Amino acid sequence: MHTNKPKIIIIITVIIIGLILTVITAGLFKQKTGDFKADSKVTTIVFAHYEIQDSASFGNKTDAIKELIKKFEKIHPDIKVKEEILPNQSDIQHQYYVINLEGNTPNIDVLSMDVIWIKEFAKAGWILDLDKYINKKDFQDFITPLYGSITYNNKIYAEPWVLTSGALFYRKDLLEKYGFKSPQTFEELVNQSLYILKKENNPDLYGYLWQGNEQEGMVCNVLEYLYSLNGAILNADKVVIDSPQNKKALTFLQSLFKSGVSPDTVKTSNLIVNRRLFLQGHGIFMRDWSTSYKQITGKDSPLYGKAGMANIPHFEGYQSAPVLGGHQLGINKSSRHPKESYEFIKFITSPESQKFLAMNSLFLPSRHSVYKDEKLVKTYPFLKTYYEEIIPTIKSRPLDPYYVMFSSALQSEFSAIIVGRQSIDKSLKIAKDQIEFIIDSSKEKNSRILTKSSNHDKKEKKEKTE
Amino acid sequence: MRSKFNEIKGRPFYIFLLVAWCVGPLFLLLFYSLSDINSGYIDFKNYIALLQDEDFRTVMSNSLIVSTVSTFLSLSLATISAYAITRKSIRFGQTALFLFLAISMFPSIATLSPLYLIFREVGLRDTLISLIIPYTVFSLPIAIWMLSGYFKQIPKELELSAKLDGCSGFTIFWKILFPLLKSGLATTAILVFVTNWNEFIYAVAFTTTNFSRTLPIYISKFPTATDNVIGQLTATSIIGAIPLILIILFFQKRIVAGLTSGAVKE
Amino acid sequence: MNFLKKISLTPDEKRAALLIAPAVILIFFVAIIPIINIFYLSLFRKVLIFDITKFIGFDNYRHLLVDQRFWNSFFNNVNYSFFSVAIELVLGLTIALILNQSFKARWLIRTAILIPWILPTVIASKFWNIILDPQYGLANKILLNLHIIDKNINWLGDPFWAMKCAIMVDVWKYTPFLSLLLLGGLQLIPKELYEAAILDGTNKLQSFKNITLPLLMPTMLVALLFRTMDSFSAFSVVYVLTNGGPADSTELMSLYSYKTLFQSLQFGYGAAISVIIFLCVLLISIFYLYSFSYKTKDVD
């Protein structure tokens with residue numbers, strides 16, 4: 001059955017196809033614009049953003065962003081918006097941006113950035129400063145905690161979009177059963193957990209779920225304890241991560257496992273795993289982000305009526321310190337369509353768009369006016385509480401362009417403490433050394449031994465001539 | 001006569017295990033892609049959605065273009081190089097072969113960052129050619145090695161007699177060597193094609209959007225923790241695997257021959 | 001340049017050189033120059049975000065020596081390569097022995113064997129991601145049903161299990177491939193040798209030790225060589241399966257290098273790590289080639 005002929009024909013066909021494709025791709029080689037169609041009348045911009053919907057556990061069929069894009073394209077028929085959806089995890093999103101922005105890609109125009117990246121990207125010269133585009137009056141409508149993260153060198157580099165902060169979700173039904181109200185202090189949380197766990201005697205019930213996995217989210221978790229005790233990473237330029245307050249907070253963290261309040265799985269769990277566990281009824285308390293409120297307490301949640309959201313507790317005698325998060329919108333410096341990009345940003349951060357997003361996706365507004373909107377507050381009454389009581393307590397992570405590098409060290413050392421692999425003292429010392437090393441390196445003067453002018457150089461020259 | 005030595009009890013059972021090991025995951029993927037977790041019916045909706053998805057079509061065509069073009073270029077260069085090394089009486093043939101082989105041992109991560117910087121300066125990131133170039137170059141050593149092996153199997157007398165008949169170098173190559181080489185070329189082409197299709201690390205670093213993204217990267221972007229996405233993910237995997245499975249079905253004898261002869265070529 | 005003039009090339013050789021030239025030029029620019037560049041870069045502190053480019057000699061390497069995360073990744077690599085190659089060898093050899101004779105439906109077996117090898121590693125990793133999911137994955141469901149375990153195991157989230165799972169994915173993908181290579185080698189062993197051994201009265205185990213192993217050695221070493229080098233530069237398995245895994249327990253050197261390069265843009269330090277990977281792979285190949293020439297001398 002050695003019919004080699006048909007196979008040879010297949011091979012020859014493939015080669016011919018290959019030749020044809022080579023000719024075709026010759027036209028594709030130099031195409032670097034975001035224009036996926038050759039039509040030059042329509043400008044296409046790419047909007048890179050994280051998955052705001054999380055439709056799997058949300059259940060809402062509306063894809064809010066796609067709807068808004070349709071609205072925008074109707075108003076601006078000469079602009080088309082293409083979405084580029086980022087991976088789920090913060091650190092992987094950051095990697096994606098770094099690789100591509102450093103690579104001078106023109107194929108991303110509008111990008112949604114986590115609050116901790118904006119200063120870094122601005123310093124690296126990857127995003128445009130928006131001063132010449134923004135409406136100063138309109139900017140007063142944005143919530144203050146965000147100002148710190150969107151500015152660099154007194155210029156604004158991103159327009160606020162999503163606001164989020166750490167939040168505590170709890171099983172209202174279980175707490176009420178034992179006559180508890182949502183815990184104000186960590187001490188209360190521990191006591192309530194231990195009491196309920198004992199009484200329920202359910203091996204599938206866990207006390208306090210939070211993110212222990214070695215990621216940025218875990219650092220946020222830990223910082224909420226540190227900040228509550230008035231601990232910090234930096235004090236002006238000094239690294240104070242090994243302060244006694246920090247050690248006290250971390251000892252408390254370790255005690256959560258020792259006392260059984262948090263199960264061992266928390267040491268390596270992430271948001272998605274925790275949410276699943278909690279929604280299935282396996283947790284009394286869960287630390288998550290406030291933007292999850294619909295998922296967990298809303299109508300489509302399996303815990304509807306049984307779960308509530310409260311502010312992150314504080315240590316007895318201190319204040320709550322939920323950590324600030326959320327994505328804000330900027331423009332890629334290598335974008336070929338900055339004007340159109342800003343048009344889109346203006347549209348999707350407008351009060352109407354924010355209201356729409358708040359109603360239809362996991363979104364919390366960043367504008368004063370939207371929190372005061374009657375219809376919105378009527379549909380989601382807790383927004384009033386969030387706005388009046390929780391937002392004023394929000395604390396930022398260090399507003400430093402090198403924060404992401406600090407975080408790398410923090411993730412490693414905090415994880416070692418949580419997993420129990422290393423002592424608190426040793427871990428904090430290593431973290432301190434690494435952070436000090438980063439700060440020292442950042443102060444070093446440039447010595448241009450490599451002759452090729454870097455990214456940054458070219459852009460500075462461009463700015464001077466503009 | 002069949003020696004007692006080779007009789008292993010329960011052989012069919014072990015072979016069944018082996019086939020299950022190899023093919024089981026594929027069937028599981030198929031199962032996940034067809035079943036709607038809620039309804040329990042067989043449902044093709046994942047595939048229908050997939051084939052209508054413009055992004056997926058772009059990504060598949062990217063993979064096809066990149067793999068085909070790089071295979072074609074690589075083989076063209078490899079053929080003439082292998083010809084030169086084996087047919088011409090030269091002293092540095094064996095050394096050249098070993099040097100080429102050494103190149104194939106470079107771990108991709110080592111050449112990644114310089115190439116990234118270069119492509120960035122030249123503005124070629126997120127284009128198909130930024131993938132085609134490294135793929136072509138890094139499949140050259142294997143292609144040259146294998147083709148040299150095939151060339152060596154063709155007796156030199158054929159060439160000599162053709163020369164005596166007055167044929168020029170190119171005619172000898174085209175009319176005499178090439179037909180005998182078709183089989184070897186096909187095998188080499190398949191191996192190179194598959195290697196390039198599955199390549200990951202360069203694609204991750206050099207592609208930004210679906211404009212130049214290849215299939216492995218597209219698949220890697222799916223989150224697995226959310227249930228709704230598993231159907232899409234598995235359907236994409238199945239469709240992405242179909243060209244490869246077709247290749248195996250048609251060419252398995254060839255591929256096996258190519259792999260095993262290559263290993264023994266020492 | 002003088003020695004070149006002394007070596008005179010025959011006209012044939014000149015033509016050959018011309019034909020090889022395009023390939024050599026391409027390889028030179030796309031493979032050789034980047035490698036040299038990487039050695040050069042590793043001597044600098046090049047941090048793109050700080051915009052620093054400073055010559056620091058071997059400081060990067062000195063820092064590597066005390067970098068715990070680096071040593072963690074190095075030992076992860078050793079762990080990963082050693083176990084996956086060892087398991088693949090043992091399993092692969094067993095399978096090759098079982099397959100070593102003619103039987104019907106050979107094409108089915110051949111097709112099946114090639115599937116794990118031909119599927120992109122990404123698909124295999126994603127597949128195992130789904131199966132090993134602690135709550136919904138098949139693995140836990142089956143094990144729970146069979147009462148082998150009593151509680152869901154967090155396969156990819158537990159530092160103890162994560163690396164073993166990564167090794168398992170590698171083993172799943174490459175064992176059949178390895179068994180094919182070994183089968184090819186087995187089929188080269190003349191059957192007469194076995195028949196003579198049976199007449200001599202040797203049993204299976206002895207003939208395996210004295211005939212099969214030595215004659216299979218060349219094939220085994222070549223296969224092992226490529227597999228070890230491949231697994232030492234492994235990247236996509238851990239990137240997709242665990243992205244470095246819980247507490248860096250599955251972070252291989254190539255992944256650490258990638259993260260250093262593209263997470264904190266430390267191109268100098270990342271280059272140094274890449275250099276180490278390159279040297280390791282080089283050492284491995286030298287080791288194998290050495291044992292190869294050593295072993296093949298013995299066979300006669």
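All of these numbers come straight from a predicted model, not from anything done at the bench. In the text below, chain A, chain B and the rest are named by the order of the sequence lines, each starting its count at 1.
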Top of C/P116, C/A271, C/A124, C/P22 for chain B proximity - count of heavy-atom pairs under 4.5 angstrom: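 Among C/P116, C/A271, C/A124, C/P22, the one with the most close pairs to chain B is C/P116.
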
Using a 4.5 Å cut-off on heavy atoms from C-beta on, say whether the side chain of [Y] contacts that of [X].
{"X": "C/F262", "Y": "B/L112", "answer": "yes"}
{"X": "B/L233", "Y": "C/I130", "answer": "yes"}
{"X": "C/P176", "Y": "B/W21", "answer": "yes"}
{"X": "C/T94", "Y": "B/Y14", "answer": "no"}
{"X": "C/V122", "Y": "B/L215", "answer": "no"}
{"X": "C/I32", "Y": "B/I103", "answer": "yes"}
{"X": "C/I115", "Y": "B/I248", "answer": "yes"}

To the nearest 0.5 Å, tell me how far [X] [atom1] sits from [Y] [atom2].
{"X": "C/I27", "Y": "B/L140", "atom1": "CD1", "atom2": "CG", "value": "5.0 Å"}
{"X": "B/S74", "Y": "C/L26", "atom1": "OG", "atom2": "CG", "value": "9.5 Å"}
{"X": "B/S108", "Y": "C/F235", "atom1": "OG", "atom2": "CZ", "value": "9.5 Å"}
{"X": "C/L119", "Y": "B/W197", "atom1": "CG", "atom2": "CH2", "value": "12.0 Å"}

What part of [X] lies closer than 4.5 angstrom to a heavy atom of chain B: side chain, backbone, both or neither?
{"X": "C/F278", "answer": "both"}
{"X": "C/V30", "answer": "both"}
{"X": "C/V171", "answer": "both"}
{"X": "C/F232", "answer": "neither"}
{"X": "C/Y258", "answer": "both"}
{"X": "C/I95", "answer": "side chain"}
{"X": "C/F29", "answer": "neither"}
{"X": "C/I113", "answer": "both"}
{"X": "C/L182", "answer": "neither"}
{"X": "C/I131", "answer": "side chain"}
{"X": "C/T111", "answer": "both"}

Nearest atoms (heavy-atom pairs only) where [X] meets [Y]:
{"X": "B/A84", "Y": "C/I20", "result": "CB-CG1, 3.7 Å"}
{"X": "C/A23", "Y": "B/L77", "result": "N-CD2, 4.3 Å"}
{"X": "B/I219", "Y": "C/K126", "result": "O-CE, 3.4 Å"}
{"X": "C/W172", "Y": "B/C22", "result": "CZ2-O, 3.8 Å"}
{"X": "B/I109", "Y": "C/S254", "result": "CD1-O, 3.7 Å"}
{"X": "B/S113", "Y": "C/I38", "result": "OG-CD1, 3.8 Å"}

B/Y32 and C/F127 aromatic centres sub-6.0 Å: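 Between B/Y32 and C/F127, the centre distance exceeds or equals 6.0 Å.
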
Filter on side chain to side chain donor-acceptor pair (under 3.5 Å), then keep only pairs touching residues 174-184 of chain C, sequence neighbours left out; what's left?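 Qualifying pairs, neighbours excluded: none.
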
Quick one: what part of [X] sits under 4.5 Å from any heavy atom of chain C, side chain, backbone, both or neither?
{"X": "B/L244", "result": "both"}
{"X": "B/L117", "result": "side chain"}
{"X": "B/T236", "result": "neither"}

Just jot down the side chain to side chain donor-acceptor pair (under 3.5 Å) partners of C/S274, sequence neighbours excluded, or say none.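 For C/S274, the residues satisfying side chain to side chain donor-acceptor pair (under 3.5 Å) (neighbours in sequence not counted) are C/S257.
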
Let's go through C/T121 and B/N198 carefully: what are the C-alpha distance in whole Å and the side-chain angles of both, what is the deciding distance for side chain to side chain contact (heavy atoms under 4.5 Å, CB included) to 0.1 Å, and is it a yes or a no? CA-CA 7 Å; C/T121 321; B/N198 293 343; 5.8 Å; no

